[in-house]
Amino acid sequence: MKVVYFGTPQFAVPGLIRLLKDPDFDIIAVVTQPDKRRGRGSKVTPSPVKTVATEAGIPVWQPQKIKKDAEALDFLSHCQADAFVVVAYGQILSQEILDMPRLGSINGHGSILPTYRGAAPIQWSLYHGEAETGVTTMLMDAGMDTGPMLLEEKIPIGLLDNAWAIADTLSKLTAELLLSTLHKLDGQAIRPIPQIEEQATYAPLIKKADYVIDWQRPALDIHNQIRGFYPNCVTQLQQQPLKISETIPLFDGVWSQLPEDYRTLKDAYGALKPAEPGKVMAVWKNHGPVIGTGDGYLLLRQVQPAGKKSQSGWAFANGSRLALGENLG
């Protein structure tokens, strides 16, 4: 089966590798976003998908705007592909492009459609405290993740899972689901199912303001924000930014969901004074600072002070000589 693979970030890499390893598929080209400056040195760097494709000796196309790139469109129209496979490519494809392959264009999306259509489905599903997520394959149309669904698979979300961990799991799941989808489509063993528009929700691009922590919100909501937008959520301490990447939410009813070594903190939790949003309520030895919220408390498990490396909450409390009663935010 002749396939053109469209993808850009690390999330799309397992799908490409899986198809490359299967003798039933011939990856005739890869389409990815142009190289861009990344990291502290702002060095021009290829996308993770381009790196894999180049190592495999596959032709790579990197149009700035694929819908207007005449050379890329001419190539795609003449390559006689059986399928275009699209995973987190990063550009909208026109209906002209989507209709080129024999079987159509198949997308692997990191949510259970029609929920969390859009650019950041994993992040927003965690932000909203969903108990499960998953992967859906669909036949693409010109809309934003609106095409008819093909296959889906779900996974549970644990209380302490973050967006990177879930993305890693879902990227591997996407690879396997794409393989099954292509085989079943080719064998006419799958029937596309239209999405129910009334059930659709959206996962827009994350903005800078989404990273800012509001300590008036409940502990669980802040915890979901921090793990959903991992590792970039930020507050202020002593007029300096403080990134918070891992927390443990503390409130009545949460203990059965925590790892065993945190359940021992229940007695210390019971001795805390009423929570004051943003205030350092305690510093627990070998664990870290406990911060009050609008409802419950947050134990800071991993933080990054301005200009320093990421460190445990306990190391930070010791190194900064964090005092009871100090305010964050």
Side-chain angles (χ1 to χ4, degrees), residues 123 126-131 156-169 211-329:
Q123 291 90 335
L126 285 162
Y127 177 88
H128 289 296
E130 301 289 359
I157 299 176
L159 180 66
L160 303 186
D161 288 335
N162 64 40
W164 284 17
I166 294 295
D168 182 61
T169 299
Y211 296 130
V212 178
I213 296 168
D214 177 4
W215 295 100
Q216 299 289 337
R217 299 175 71 218
L220 183 58
D221 289 356
I222 299 173
H223 171 72
N224 288 338
Q225 175 191 10
I226 289 168
R227 69 198 185 110
F229 300 151
Y230 177 89
N232 295 313
C233 286
V234 67
T235 188
Q236 291 279 321
L237 176 66
Q238 301 168 354
Q239 299 182 328
Q240 293 292 322
L242 176 69
K243 279 189 175 183
I244 302 177
S245 56
E246 292 183 37
T247 56
I248 300 289
L250 303 170
F251 55 90
D252 292 334
V254 76
W255 301 99
S256 63
Q257 301 178 59
L258 296 179
E260 188 65 38
D261 55 335
Y262 286 100
R263 295 179 197 174
T264 60
L265 299 174
K266 190 172 183 179
D267 289 342
Y269 162 81
L272 290 171
K273 294 180 179 179
E276 296 181 49
K279 182 167 286 189
V280 180
M281 307 301 299
V283 177
W284 287 347
K285 186 176 181 180
N286 298 324
H287 290 287
V290 178
I291 314 301
T293 73
D295 183 10
Y297 311 80
L298 274 186
L299 172 61
L300 305 190
R301 194 180 187 188
Q302 195 76 17
V303 303
Q304 184 176 3
K308 297 184 179 180
K309 293 182 178 180
S310 181
Q311 57 194 262
S312 71
W314 175 238
F316 169 70
N318 281 332
S320 64
R321 297 182 180 178
L322 194 65
L324 297 182
E326 284 198 76
N327 286 298
L328 282 68

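The structure displayed is predicted, hence computed values, not measured ones. Only this structure's heavy atoms are used, side chains among them; waters, hydrogens and symmetry mates stay out.
Listed by chain and number, the residues in a salt bridge (Lys or Arg N to Asp or Glu O under 4.0 Å) with D168 are K172 (sequence neighbours excluded).
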(request) I would like to know whether V254 and R263 meet side chain to side chain contact (heavy atoms under 4.5 Å, CB included); could you show each step before the answer? (result) CA-CA 9 Å; V254 76; R263 295 179 197 174; over 6 Å; no
(request) Go through H287 and L265 one step at a time and tell me if the side chain to side chain contact (heavy atoms under 4.5 Å, CB included) criterion holds. (result) CA-CA 10 Å; H287 290 287; L265 299 174; 3.7 Å; yes
(request) Apply side chain to side chain contact (heavy atoms under 4.5 Å, CB included) to the pair L272 and V290, showing each step before the final yes or no. (result) CA-CA 9 Å; L272 290 171; V290 178; 4.0 Å; yes
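Minimum heavy-atom separation, T247 to H223: OG1-ND1, 2.8 Å. Contact record, R301 with Y262: NE-OH, 3.1 Å, taken as the closest heavy-atom pair. Across all their heavy atoms, R227 and L159 have their closest contact at NH1-O, 3.1 Å. Taking all atoms of both residues into account, the shortest heavy-atom contact from M281 to A275 is CE-CA, 4.2 Å. Nearest heavy atom pair, residue P249 against residue L298, reads CA-CD2, 3.7 Å. Between S256 and G253 the shortest heavy-atom distance is OG-O, 4.3 Å.
Separation of the Y127 and F229 ring centroids falls under the 6.0 Å cut-off.
The structure places CG of L322 at 7.0 Å from CD of Q238, a figure rounded to the nearest 0.5 Å. Put simply, NZ on K279 and CH2 on W215 are 14.0 Å apart, with the number rounded to the nearest 0.5 Å. In this structure, the separation between CZ on F251 and OH on Y297 is 13.0 Å, given to the nearest 0.5 Å. One distance of note links OG of S245 with CD of Q304; it measures 7.5 Å at 0.5 Å rounding. Summarising the geometry, atom CG belonging to L300 is positioned 10.5 Å from atom OG belonging to S312; distances are rounded to the nearest 0.5 Å. The CD atom of Q311 sits 7.0 Å away from atom CZ of F316, with the distance rounded to the nearest 0.5 Å.
Using modelled atom types, one side-chain atom of T169 and one backbone atom of A165 make a donor-acceptor pair closer than 3.5 Å. Remark: the backbone N or O of A323 is paired with a side-chain donor or acceptor of E326 at under 3.5 angstrom.
When the options L220, D214, I222, D221 are evaluated for a side-chain contact (heavy atoms from CB on, under 4.5 Å) with T293, the one that passes is I222. Screening L258, I248, I291 for a side-chain contact (heavy atoms from CB on, under 4.5 Å) with L299, the sole residue that qualifies is I248.
Using a 4.5 Å cut-off on side-chain heavy atoms (C-beta onward), L242 and V234 make no contact. Using a 4.5 Å heavy-atom threshold, the side chains of V212 and T235 count as separate.
Side chains of Q302 and S310: a donor-acceptor N/O pair is present below 3.5 angstrom, by distance only.
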